[in-house]
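We name chains A, B, ... by the order of the sequence lines, and we start the count at 1 in each one.
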Amino acid sequence: MSDKRGKRGDHPKHLKGRDIGEYYKNKRRKDDGERPHRRSEDGHKKRPKDLKGKALGMYYRDKKHMSREERKEITRKNIMGTILLSERRKEEIQRILESNIFENKSKEKATDYSHVEDSVFKRDFLRIIRGNINDILDEASSELIPDHRLDEMLYSFNQNKADDFQYKLLLKKRKKLPSFEKRVELLELIEKNQVVVISGETGCGKTTQVAQFILDDYIDKRKGSTCKIICTQPRRISAISVAERVAEERSETLGGSVGYQIRLEKKLPRERGSICFCTTGVVLKQMESDPCLTGVSHLILDEIHERDVLSDFLMTIIKKVITKRKDLKLILMSATLNSEAFSKYYDNCPHINIPGFTYPVEEYYLEDVIEKTRFDFGNEYRRYSDRQNRDFSDFIEPHVRLLEKEKKYSRNTCIQLRKAESEKVNLDLIFELLLYICHKESRKGAILVFVTGFAEISNLNTLLEKSGKFPSYKYHIYPLHSQMPTAEQKQIFMPASDGTRKIIISTNIAETSITIDDVVFVIDCGKIKMTNYIPETNSQTLLPEWVSLANANQRRGRAGRVQAGVCYHLFSRARKMLLDQYQKPEILRKRLEDVILVAKMLQLGKIKDFFGKLMNPPTEECTYISLDLLHKLNALDKDENLTPLGFHLAKLPMAPQMGKMILFGAIFGCLNPVLSVAASLDFKDAFQLPLGKEKLAEQKKFELSNGWKSDHLVLFRALEMFQTTYNQRQFCRDYFLSSSTLKMLIDMKKQFMGYLHEMNFVTSLDPAAKEFNVNSDNFSLVKACICAGLYPNVCFYKRTKKRGLLRSLEYEKLEFHPKSVLSRERDFESPLFVYYLRMKSSSDFIHDGTMVYPLPLVFFGDQFDASKQVNNGKVITINNALSFRCGNSTAAIIGDLRDKLNWFLEHKICHPGFIDWRKNGEEIPMLRAIMELITSEDLGDFDSDCFDDCDSS
DNA sequence: GAGCACTGC
């Protein structure tokens, strides 16, 4: 330790306390080249920071043995199997191919789309790809036309309200809110400026009051008819609850001056003189057809400090819109911290702060908690690298020395703080702290514990139960996690009965989404799990990180909602000084395919230019990767214009992969199962994690998999059984499914049908209608449609002598996530899998998979190549990565059929229409040939040497 | 052998 202490003292001597911390914080940032998350330019020499232990070892081993190029070369040579066709089948297909279908159709692919017949689709499509948002905005109608009769009606209605008892009662309460004091100032500022930033902490009343101030001001000035306010919320729940609250304050029910709209659910207010609370996504979707927001007088964007993708995106578009729609007022609302950034983004627009009102919350930090509990982290053994140890002692030493000097803390506390273990989430410490609160604190009230995830919730729960010190007659312990049933139960919100205390162990879901009013004590573990996207390796991660100051404040605030509270942060004051002000904006932590498609629909021009206008532009690398995927999906052409397929995918409110999947489902007559899969993947799966019954839940889920070796078909089957069972509640209990999620999925399927109908791919709205499901019992075909959507997310299983190894096409080592039904399977008839989500946490996991045979990939994959001749046959290669051996005539047939299919798909996408499998249209024999080919493969007509060949080259 | 949280006329 002594050598490290020597190095520490190089901060300027005049600095003290907090300033020293800041100095080291900045210094460290500088040392890391300002971007601690990113690796150096030379990615080969530095190891990825997200790898640990065994995974890190594997990384080095792979690096040592093979370069990326070498690996690719090996995969190229690696033949995955043989595609065999019986003579009978070959003859059948040959007959179809010779029957001159499509022979006389034009094969040209003119980029001016002159070969496409005139239709609604063609007009819409050309309008979008040739249009430009500026031209649309130029034509925006400027003024809202007043309706004087309505003005008078609204005025007298408001006057009458003044006598209403409930209204008066609530008005009295409203007047106590800090925002009420700023009412006049706010209105004046909004009147005089087009854009205003309002900042204020929770409890200041900005969310519920600001829109009402504006509306009532308009009505009182007898111009209520020209006021139409839209207020966005980041979450569905808050849009509804805020709307309900505001309607109550106005002594009205929803549908009058107040309403809301979220996906699949709305209670719209009257057209004029009203406030509508919407989710950000709804407004964005509306702007696709009406970018000027016609008729809207005020747009309020709430909670923009959360920096979610949608509100960042909306802020950038609106910036353009308001230059043309001078009468549209924009009000941005955020938390206080860092709110100047938004004002700066809008050319230094005026900024007003409303002081918050919450009850006072005492704050304690790790040193205080150790002092109170006399905790000991135990004997330390080295787990950190030298570098990490040095970083740790660099900032902790000055702090501990200061504490020693002040003599406010015991010797033990100082010893404990110096241990690197003190920076980890320690459940024993939380346990001791809970004991301390329950026995040494006189105050009653619920305790809310923030931990990072499922494992910690589960382990802490067990720890409390097994200790016997938190008996159930005195303590009600609630685990809280989005996937646990408790999150949907009302019980958790009820105050504890006399003599009992609630202890809630939660993820960050309790930071914003779930509010429990009677919390008095908060324990903040200081960590948060975050997804991150790493373009260098094109991988997504889910790993715990330090919270930001904004998170820590938010967690603290949960203790003071209805009375004074206490918050214990389990990090030291020295660590606090190193925390970031805010979390990294979501737009920098994600792949951006869907954002790009929306931008294209809004006719915003080249993506790079548009991204450059965002508050925090994504890196070029990240942009490139997302564009590349859209090219691979054939959604964008070389000039970055939407293709006809891309146009359809952009219209659908789902990730493009899911859109492609359902278009294939419609074409191949197996729509219902594919819609179920698409809805589940795009929203969330309905399977819950019941604490203490994990094993049973897993078993029940596996029961649904029916040997199909597909998580996606399990999702379908769960929904199907739910819809056909006579007792839905019992079914959900038996299989640990969330009925509210299942209901949402059913509604989403209906919504998807609406879009397909509008596009003219189906003739009615029932997903289960027989005419769209002629082939729905053919799961090989359903899997093929899933494959068409999820491609190029392909991985393969390589069987070695001991066990199997799952690899990505780049030869990276993968694993099926234990929640996947595939992780419980041993034997696979085909080594190929498609998946939607791959995420690195403790390992590089495939979260959802479907086993597929080669033919779906051969038909739906890209870069098809059958030119390579071997001994007495051909090698078919897809995507330069997957190779299959087959005979000369088979290769010729597949190539020909594939061309015909692609020509047909392209034609169909440009000429949307319902394909009726019950009638023998000219395309049916070709589609049927493909269907039968794919199905026969699944029935076992597949060469078993596919595994053994993996080792030869 | 393990699952932060959101969202879409």
Of all residues at least two apart in sequence or in a different chain, which pass the side chain to side chain contact (heavy atoms under 4.5 Å, CB included) check with Thr280(A)?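 In terms of side chain to side chain contact (heavy atoms under 4.5 Å, CB included), with neighbours along the sequence ignored, Thr280(A) is linked to Thr232(A), Leu310(A), Ser311(A), Leu314(A).
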Quick one: list whatever passes side chain to side chain contact (heavy atoms under 4.5 Å, CB included) with Phe702(A), sequence neighbours left out.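 Result, side chain to side chain contact (heavy atoms under 4.5 Å, CB included) vs Phe702(A): Ser705(A), Val821(A), Arg824(A), Glu825(A).
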Where at least one partner belongs to residues 292-303 of chain A, residue pairs that pass salt bridge (charged side-chain N to carboxylate O under 4.0 Å, His left out), sequence neighbours excluded: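 Found none.
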Strictly by salt bridge (charged side-chain N to carboxylate O under 4.0 Å, His left out), give each pair with a member in residues 740-759 of chain A just once, sequence neighbours left out.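 Only Asp747(A)-Lys750(A) qualify under salt bridge (charged side-chain N to carboxylate O under 4.0 Å, His left out).
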By the 4.0 Å heavy-atom rule, please label [X] as base, sugar-phosphate, or nothing.
| X | answer |
| --- | --- |
| Ser289(A) | base |
| Met654(A) | base |
| Lys590(A) | base |

Residue-level proximity of [range] to DNA chain B when a heavy atom falls under 4.0 Å:
| range | answer |
| --- | --- |
| residues 694-702 of chain A | Lys695(A), Glu698(A) |
| residues 681-690 of chain A | Asp682(A), Leu689(A) |
| residues 297-309 of chain A | none |

Going by ring pair (Phe, Tyr, Trp, His ring centres under 6.0 Å), name the residues that satisfy it together with [X], two or more places apart in sequence or in a different chain.
| X | answer |
| --- | --- |
| Phe833(A) | Phe816(A), Phe828(A) |
| Phe845(A) | His817(A) |
| Phe610(A) | Phe313(A) |

Heavy atoms of chain A, cut-off under 4.0 Å: which first and last nucleotide of DNA chain B, 5' to 3', fall inside that, if you could look?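 Contact boundaries, 5' end first: dG1(B) to dC9(B).
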Test salt bridge (Lys or Arg N to Asp or Glu O under 4.0 Å) applied to Arg589(A) - qualifying residues, sequence neighbours left out: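 Once residues adjacent in sequence are excluded, Arg589(A) has no partner under the salt bridge (Lys or Arg N to Asp or Glu O under 4.0 Å) criterion.
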